[in-house]
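Below: one structure, written as structure tokens.
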Amino acid sequence: MNKQKTRNHHCPTHTQLELLCLESGQAEDDQKRSQMHLQQCMSCRNVVEELDGFYSTLLKEVFKPVSNQVLDFAKEIGRDDVEYGYILCEPIPERNNGRGFAFRTNVLFSANGEPGKGKLAQFNKRKIPHDCIALRAMTDPEYKTLLLFLVAPSDSHFDDWVLNIPGTAENVKFSPIGVSKVPLSSVKTFDDKVIFLKTGVDSEPDWLDSRLQRIKEATHF
């Protein structure tokens with residue numbers, strides 16, 4: 001409250017300072033004026049420092065892959081007909097082609113989340129063989145889609161990864177945290193299939209330079 005009292009009508013509004021921190025939504029002249037004002041106004045600098053700390057922390061969090069525990073919780077509070085599962089994808093180099101690296105799928109777990117049926121939390125990504133990947137899958141009957149959550153043994157951003165499932169989905173792009181969606185089907189239909197993954201398809205576009213766009217890209221799929 002004290003910080004707000006020391007600000008006056010010459011100060012940028014809280015919205016203008018927040019847009020400055022988000023690196024978006026302001027004309028170039030307005031940005032310059034706000035930046036020049038910050039050099040002279042301690043109160044506004046304090047506001048910007050608080051906002052900057054908040055958005056820095058938020059960006060770190062939204063770019064973390066969705067955890068197994070979060071998906072387990074989503075299933076617990078979701079509809080009874082939602083199905084989810086865990087799919088290990090093992091490389092088959094002899095099948096590699098122009099669509100990407102070939103993997104054969106193995107559904108290790110599939111359930112509707114009933115007690116005693118197991119949970120995704122029992123799978124530790126650090127135990128995935130170094131040459132394998134995994135997919136967590138969750139159906140969304142309302143929107144007739146199957147959500148896919150990509151997992152690799154090491155932490156990675158997945159915004160340039162593309163998945164091809166012959167006969168089901170072609171050129172499926174993942175968000176930076178490894179989330180995508182394909183037409184609705186049972187998790188069990190993914191067992192013993194050959195899929196293809198390609199990386200390095202797209203470089204990060206210029207419009208992701210702002211904090212606001214990076215947050216949107218990580219949270220929308």
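Count residues from 1 along the sequence. Values reported hereafter were calculated over all heavy atoms of this structure, with side chains retained and with hydrogens, waters and symmetry mates removed. Please read all numbers here as calculations on a predicted model, not as lab measurements.
Residue pairs satisfying the side chain to side chain donor-acceptor pair (under 3.5 Å) criterion with at least one member in residues 97-107, sequence neighbours excluded, are listed as follows: Arg104-Asp192.
Looking at residues two or more places apart in sequence or on another chain, you find a side-chain contact (heavy atoms from CB on, under 4.5 Å) between Asn124 and Arg126, Lys127. Applying the ring-ring contact (aromatic ring centres under 6.0 Å, His included) criterion to Phe101, with sequence neighbours excluded, gives no partner residue.
Two residues are said to be in side-chain contact when any heavy atoms from C-beta on lie closer than 4.5 Å; Leu163 and Ser180 fail this criterion. Side-chain contact between Tyr84 and Val187 is absent, with no heavy atoms from C-beta onward closer than 4.5 Å. Taking 4.5 Å as the limit, some side-chain heavy atom of Leu135 sits within range of a side-chain heavy atom of Cys89. Counting heavy atoms from C-beta on, the side chains of Lys198 and Asn171 never come closer than 4.5 Å. Residues Val151 and Pro65 fail the side-chain proximity criterion, which asks for heavy atoms closer than 4.5 Å. Between Ile195 and Thr168 there is no side-chain heavy-atom pair separated by less than 4.5 Å. Side-chain contact between Phe190 and Leu146 is present, with heavy atoms from C-beta onward closer than 4.5 Å. Side-chain contact between Lys60 and Thr57 is absent, with no heavy-atom pair separated by less than 4.5 Å.
Between the side chains of Glu18 and Tyr55, a donor-acceptor pair is found at a separation under 3.5 Å.
Using a 4.0 Å cut-off between charged nitrogen and carboxylate oxygen, Asp30 and Arg33 count as a salt-bridge pair. For the pair Lys32 and Glu28, the salt-bridge criterion is met [side-chain N within less than 4.0 Å of a carboxylate O]. In summary, Arg211 and Asp52 engage in a salt bridge, as defined by a charged side-chain N under 4.0 Å from a carboxylate O.
Alongside Ile77, the hydrophobic cluster contains Phe73 (criterion: ILVMFWY side chains under 4.5 Å). Hydrophobic cluster of Met42: no remaining members, since no ILVMFWY side chain lies below 4.5 Å from it. Chaining together hydrophobic side chains whose heavy atoms lie under 4.5 Å apart places Phe196 alongside Ile92, Val194.
Under the 4.5 Å side-chain contact rule for hydrophobic residues, Leu184 and Ile165 do not share a cluster.
The backbone N or O of Leu58 sits nowhere less than 3.5 Å from a side-chain atom of Glu61 that would complete a donor-acceptor pair. Between the side chain of Asp191 and the backbone N or O of Val107 there is at least one donor-acceptor pair closer than 3.5 Å. Lys75 places a side-chain N or O within donor-acceptor distance of the main-chain N or O of Arg79, the cut-off being under 3.5 Å. Side chain of Thr139 to backbone of Glu83: a donor-acceptor contact under 3.5 angstrom is found. Without hydrogens or angle criteria, Gln122 side chain to Lys119 main chain gives a donor-acceptor distance under 3.5 Å.
Contact between Leu88 and Cys132 at its shortest, heavy atoms only, is CD1-CB, 4.2 Å. Nearest heavy-atom pair, Leu51 versus Cys21, reported as atom, atom and distance to 0.1 Å: CB-SG, 3.6 Å. When every heavy atom of Ser185 is checked against every heavy atom of Thr189, the shortest pair comes out as OG-OG1, 3.4 Å. Residue Lys125 comes nearest to Ala152 through the heavy atom pair CD-O, 3.9 Å, listed as atom of the first residue, atom of the second, then distance.
With values rounded to the nearest 0.5 angstrom, Asn68 atom CG is found 5.0 Å from Arg136 atom CZ. The line from SG of Cys44 to CD of Glu49 is 11.5 Å long, rounded to the nearest 0.5 Å. Distance check, rounded to the nearest 0.5 Å: CG of Asp72 to CD of Glu76 gives 6.5 Å. To the nearest 0.5 Å, atoms CG (Leu38) and CG (Leu20) are separated by 6.0 Å. Atoms NZ and NZ, from Lys181 and Lys173 in turn, are 14.5 Å apart once rounded to the nearest 0.5 Å. Separation of atoms NE2 (His37) and OG (Ser34) is listed at 8.0 Å; rounding is to 0.5 Å.
Under a cut-off of 6.0 angstrom, the local environment of CZ in Arg95 is sparse, with at most 12 non-hydrogen atoms contributed by other residues, nucleotides or ligands.
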>> For Met138 and Val82: C-alpha separation, side-chain torsions, deciding distance, then whether side chain to side chain contact (heavy atoms under 4.5 Å, CB included) applies.
In response: CA-CA 7 Å; Met138 178 173 283; Val82 170; 3.7 Å; yes

> Stepwise, does the side chain to side chain contact (heavy atoms under 4.5 Å, CB included) test hold for Ile133 with Leu150?
Replying inline: CA-CA 8 Å; Ile133 61 169; Leu150 187 61; 3.8 Å; yes

>> For Val179 and Phe174: C-alpha separation, side-chain torsions, deciding distance, then whether side chain to side chain contact (heavy atoms under 4.5 Å, CB included) applies.
In response: CA-CA 5 Å; Val179 183; Phe174 287 91; 5.8 Å; no

>> side chain to side chain contact (heavy atoms under 4.5 Å, CB included), that's the test. Do Ile87 and Leu108 meet it? Break it down for me.
In response: CA-CA 6 Å; Ile87 306 163; Leu108 300 184; over 6 Å; no

